[in-house]
Amino acid sequence: MKHILKIIALLVAVSAIWVGLLETSLIPHSHTWLLPIYFVVALGCYGLLMVGIGLMRFPTCPQEAILLQKDISEAREFLIQRGVDVGPD
């Protein structure tokens, strides 16, 4: 619930700034109408950047990979004992 309130507060703040810029003449009127589009594009770029950074920093866990392979082989043996065809190795 707190996350939703943060998002709503951010949207209200951005909307208030946008309306304030529309009412004043600090930025040309033709540019002010494009600010929501710029905001969405900037938000998309930020999201792509965060995904890219997350992929670059994704940890590799060799110990966990070994444990996972061990669990898979144990499950395969268990299923073979029960008569389930698990396919080739």
Evaluate the criterion side-chain contact (heavy atoms from CB on, under 4.5 Å) for residue pair Gln63 and Ile66; output intermediate values, then yes/no.
-> CA-CA 5 Å; Gln63 296 90 5; Ile66 293 169; 5.7 Å; no
Linked, directly or transitively: Val12 and Ile4 (ILVMFWY side chains, under 4.5 Å) =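 As far as the 4.5 Å side-chain criterion goes, Ile4 and Val12 are connected within one cluster.
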same_hphob_cluster(Met50, Met56) at 4.5 Å side-chain heavy-atom cutoff = yes
Out of curiosity, [X] [atom1] to [Y] [atom2], how far, rounded to the nearest 0.5 Å?
X	Y	atom1	atom2	value
Leu5	His3	CG	NE2	10.5 Å
Leu79	Glu74	CG	CD	12.0 Å
Ile17	Phe39	CD1	CZ	9.5 Å
Ser15	Ile8	OG	CD1	11.5 Å
Arg76	Gln69	CZ	CD	9.5 Å
Ile53	Leu48	CD1	CG	11.0 Å

Under the side-chain contact (heavy atoms from CB on, under 4.5 Å) criterion, do Phe78 and Arg82 qualify, and how do the steps go?
-> CA-CA 6 Å; Phe78 176 78; Arg82 301 281 188 227; 3.2 Å; yes
